[in-house]
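No experiment lies behind these values; they were computed from the predicted model shown. Note that ligands are numbered from 1 as they come in the structure, with each ligand's atoms numbered from 1 the same way. Just so you know, these numbers use all the heavy atoms, side chains as well, and skip hydrogens, waters and symmetry mates.
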Amino acid sequence: MSSLHAQKERSTLVASAKILVVEDEGLIALDIENHLHELGYQVAGVAETGDDAIQLALDSEPDLVLMDIRLKGNMDGIEAAASITSQFDVPIIFLTAFADQQTLDRAKLVSPFGYILKPFDTVDLRTNIEISLQKHRSEQKVKQQKTWLNTILESIGDAVVATDQHGSVTYMNRVAESITQWQTTDALGKDVSEVLPLVTGQAKDVLENPLIQVLRDQTGVVLPENTYLINKNRQEIPIDDSAVPIVDDQNQHHGAVIVFRDITERLAVNQQLFRHAYYDSLTDLPNRELFIDRLQHLLDLNKRYTVHPFAVLFVDLDRFKMVNDSLGHPVGDQLLITTAQRLQQCLRPSDTVARFGGDEFAILLEQVGDIDCACMLAERINTELGAPYHLGNYDLFNSASIGIVQGHPRYELADELIRDADIAMYQAKTNGKGCYAVFDEAMHTQVKGQLTLENDLRRAITDQQLTLHYQPIVSLSTQEIVGFEALTRWSHPNLGNIPPGMFIPIAEETGLIVKLDWWAMRQACEQLRVWKDQLPSDKTLAVSVNLSSRHFNRSDVVQRVTQMLVETGLAATDLKIEVTESALIENPESAAQILSELKALGIRIHIDDFGTGYSSLSYLHKYEIDTLKIDRSFIQYLDCNADRLEIVRTIVVLAHTLKMGAIAEGIETAEQLAAVKSLGCEYGQGYYFYRPLTCEQVDALVQEQAFWVDPQPESDTQPPGEEI
Ligand code: C2E
Ligand code: MG
Ligand code: MG
């Protein structure tokens with residue numbers, strides 16, 4: 001072989017592999033060594049005995065061992081090869097003179113990569129070495145891939161179970177062992193249905209094992225929702241995920257693999273989220289969303305199938321706010337929790353009771369054909385709620401106003417039903433505490449009318465349909481008019497005059513009152529400016545304006561009033577503001593703040609309709625109040641009711657004790673006038689003197705400076721002012 005040719009040969013060899021030669025015949029060993037060098041290999045060493053071979057192999061870590069079978073010493077080549085390969089992964093080629101069956105059989109047991117008979121041929125030797133090195137390298141690659149795959153399968157958080165094409169378990173990772181409670185060693189070779197028994201659904205029906213399905217249909221399978229694995233300890237574990245066939249690149253199926261995970265925690269989180277979204281955390285009842293959902297579902301069912309008769313009850317507690325405000329929120333919360341329990345006790349399991357928020361509850365009664373059943377339930381609820389509540393140190397009593405509405409094909413949306421139940425509940429409330437009312441068409445018409453009125457009122461403010469009337473306030477000692485109360489009037493384009501008793505509550509409810517009050521205040525201030533300009537400067541004349549409780553949660557009141565006075569050129573003492581007791585009770589802190597700032601400006605504060613607000617007298621001194629306006633209801637029967645006289649006397653004494661003045665509202669007769677006068681009341685207002693006057697009527701008084709009223713008008717003459 002030319003050296004150039006040998007070099008070329010060498011360059012195609014696997015880069016200078018290191019070969020250990022085990023040969024006890026010195027000459028043969030030398031010959032082999034020479035051949036190897038010639039072929040371009042390195043010789044890691046030459047060993048004569050089995051023990052040396054093992055030691056040299058471990059020390060030099062050769063790429064291949066050429067092993068003679070018969071060796072010096074008491075260990076032959078086959079034993080040495082077995083020992084080496086058990087400690088170190090190296091390919092062995094036997095190079096021997098023996099080819100008898102027994103030696104061959106023994107040699108096979110150590111899985112040699114080649115077997116060459118002496119005397120050998122160089123080409124044969126080289127071919128054997130090259131093929132062995134290549135094969136060993138491929139095997140190592142496969143082993144590495146297997147280790148890599150195994151590491152991944154063991155480290156992922158999901159369980160993996162594989163089977164052969166007959167459904168016998170061939171592999172399971174650690175997570176699978178932990179979920180199934182099977183040891184891989186026990187599971188291997190077992191039918192997968194035994195290792196992974198699955199059930200599904202509420203009824204926990206046995207589910208055909210997805211791996212068996214995959215093997216049969218040769219396609220992937222996704223686990224159905226609500227799949228549970230029954231592990232070896234008979235525990236049910238919710239799992240999800242999918243199974244697929246194992247297919248090679250020739251499209252041959254070799255089995256199936258399933259990947260799954262324990263979703264117990266995820267289900268718990270989902271459940272918690274669901275409860276959070278659809279249940280009230282205080283009472284543990286379904287909330288408004290869930291109630292509406294169930295009701296809508298029932299309405300939709302009724303649309304498609306025969307009608308299931310049902311009714312909705314809207315329950316509003318009568319005294320919750322009082323308890324909450326006076327005894328504090330913890331007691332209020334307990335009251336709600338106990339109420340929720342009592343409501344549940346009144347119902348069948350198929351009915352739904354939900355908390356709508358605050359002190360409102362709704363009940364969905366299914367399968368009630370007869371409205372009487374719903375009415376009976378309403379009565380029962382009030383009997384249950386009427387039993388004393390023992391909350392902390394208190395014994396409380398409660399009742400509810402209940403609106404009832406019966407399911408009807410005209411309802412398409414749950415909200416429509418709730419709306420009507422709510423309307424009926426309001427009707428029940430106006431009938432008195434602890435009542436129920438069934439929704440009917442008349443209520444619907446009334447509410448529709450109210451809605452129309454609400455829209456009309458919005459327009460009335462901008463379309464100048466509102467005017468002010470002025471009712472004189474008279475000094476009872478001098479009979480002189482000292483001011484006027486500005487009262488709003490609405491002339492509706494189609495309905496004519498709408499009484500304040502009708503539109504003021506709508507304005508209050510919708511918040512329109514804020515706009516309305518500012519309009520009235522500006523109008524009244526501008527008008528007073530005009531009148532004052534026509535009068536001598538020493539004539540005191542003030543205007544009283546009503547201010548709704550709605551202003552007391554706003555921050556701009558004082559600034560707007562100040563601006564109004566500046567713009568109309570009035571002094572602060574020319575303006576009086578009337579607020580009701582309830583306004584002070586609803587927003588005690590902000591009301592105190594706003595009133596003291598107004599008072600600081602010099603504006604006088606009147607408490608309107610005093611005596612009707614159920615307020616505690618102890619609050620009065622906390623506010624900057626100048627005058628109590630004694631409600632008309634106390635003045636009305638003064639002449640014939642001794643109790644009323646005592647009440648009015650008490651109010652006047654209270655006012656004077658607190659350094660306040662008193663105005664008697666609604667004086668209609670000379671007797672009433674005489675009575676309030678005798679009690680020391682300073683001012684009066686009422687039809688006996690004047691009805692509310694139009695602007696023109698006051699103009700006339702101003703022109704004539706006719707501010708003194710006749711204390712004893714003719715009994716048959718109409719008092720001046722608006723017609724009733
Ligand atoms: P109020 O502030 O207590 O006004 C006195 C009410 O008593 C007026 O009713 C007046 O017409 C009536 N009245 C006065 N003297 C007598 C009498 O001798 N006998 C009888 N039977 N009634 C008498 P009106 O004008 O119907 O107003 C009712 C309520 O509407 C007012 O009660 C006030 O609370 C409210 N209101 C009226 N205008 C406004 C306004 O511009 N803003 C606000 N927030 N409320 C207003
Ligand atoms: Mg008033
Ligand atoms: Mg009043």
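Using a 4.0 Å heavy-atom cutoff, R489 is listed among the residues neighbouring ligand 1. Within the 4.0 Å heavy-atom cutoff, E508 does not count among the residues contacting ligand 1. Heavy-atom distances between E665 and ligand 1 reach below 4.0 Å in at least one pair.
At a heavy-atom distance under 4.0 Å, no atom of K629 approaches ligand 1. Only the side chain of D517 comes within 4.0 Å of ligand 1, judged by heavy-atom distances. Here E485 has side-chain heavy atoms under 4.0 Å from ligand 1, and that is the only part of it that gets that close. At a heavy-atom distance under 4.0 Å, no atom of Q685 approaches ligand 1. Of all the heavy atoms of L468, none lies under 4.0 Å from any atom of ligand 1, so neither backbone nor side chain is involved.
Against a heavy-atom cut-off of under 4.0 Å, E668 is close to the following atoms of ligand 1: 17 (C), 18 (O), 19 (N), 20 (C), 21 (N). Counting atoms of ligand 1 from 1 in the listed order, those under 4.0 Å from a heavy atom of D609 are 3 (O). Close contacts between ligand 1 and P692 involve ligand atoms 11 (O) [criterion: under 4.0 Å to a heavy atom]. If you number the atoms of ligand 1 from 1 as listed, the ones under 4.0 Å from a heavy atom of D608 come out as 1 (P), 2 (O), 3 (O). Near G666, with a cut-off below 4.0 Å to any heavy atom, the atoms of ligand 1 are 15 (N), 16 (C), 17 (C), 18 (O). The ligand atoms of ligand 1 that sit less than 4.0 angstrom from a heavy atom of G686 are 15 (N), 18 (O). Set against the non-hydrogen atoms of A520, the atoms of ligand 1 under 4.0 Å away are 41 (O).
Among the backbone and side-chain atoms of N546, an N/O/S atom is found under 2.8 Å from the Mg ion (ligand 2). At a threshold of 2.8 Å, the Mg ion (ligand 2) has no backbone or side-chain N, O or S atom of E665 nearer than that distance.
For Q471, a nitrogen or oxygen atom sits less than 3.5 Å from a nitrogen or oxygen atom of ligand 1, counting backbone and side chain alike.
Shortest distance from the Mg ion (ligand 2) to E485 is reached at OE2 (N/O/S atoms only). Taking the Mg ion (ligand 2) as reference, E578 places its N/O/S atom OE1 nearest. Among the heteroatoms counted here (N, O or S) of D608, OD2 is the one nearest to the Mg ion (ligand 2).
Checking E480 against S475 by side-chain atom types alone, no donor-acceptor pair falls below 3.5 Å. Counted by atom type alone, Q697 and T694 present one or more donor-acceptor pairs between their side chains at under 3.5 Å. Judged by distance alone, the side chains of H469 and E485 never bring a donor and an acceptor atom under 3.5 Å apart. A donor-acceptor contact under 3.5 angstrom links the side chains of D456 and H492, judged on distance only. Inspection of the S401 and D318 side chains reveals an N or O donor paired with an N or O acceptor under 3.5 Å.
Geometrically, R691 engages Y687 in a cation-pi contact defined by less than 6.0 Å to the ring centre and at most 45° from the axis. Annotation: cation-pi pair R419/Y411 absent, no NZ/CZ under 6.0 Å from the ring centroid and within 45° of its normal.
Taking the charged nitrogens against the carboxylate oxygens, D316 and K429 do have a contact shorter than 4.0 Å, which makes a salt bridge. Taking the charged nitrogens against the carboxylate oxygens, R410 and E441 do have a contact shorter than 4.0 Å, which makes a salt bridge. Looking at D574 and R529, no side-chain N of the basic residue comes within less than 4.0 Å of a carboxylate O on the acidic one, giving no salt bridge. For the pair D280 and R355, the salt-bridge criterion is met [side-chain N within less than 4.0 Å of a carboxylate O].
Of the options L466, L487, I504, D631, the smallest heavy-atom separation from atom 31 (C) of ligand 1 is shown by L487.
Evaluation of the ring-ring contact (aromatic ring centres under 6.0 Å, His included) rule for F503 yields W490 as partners, not counting sequence neighbours.
Ring centroid separation for the pair F356 and F314 comes in under the 6.0 Å cut-off.
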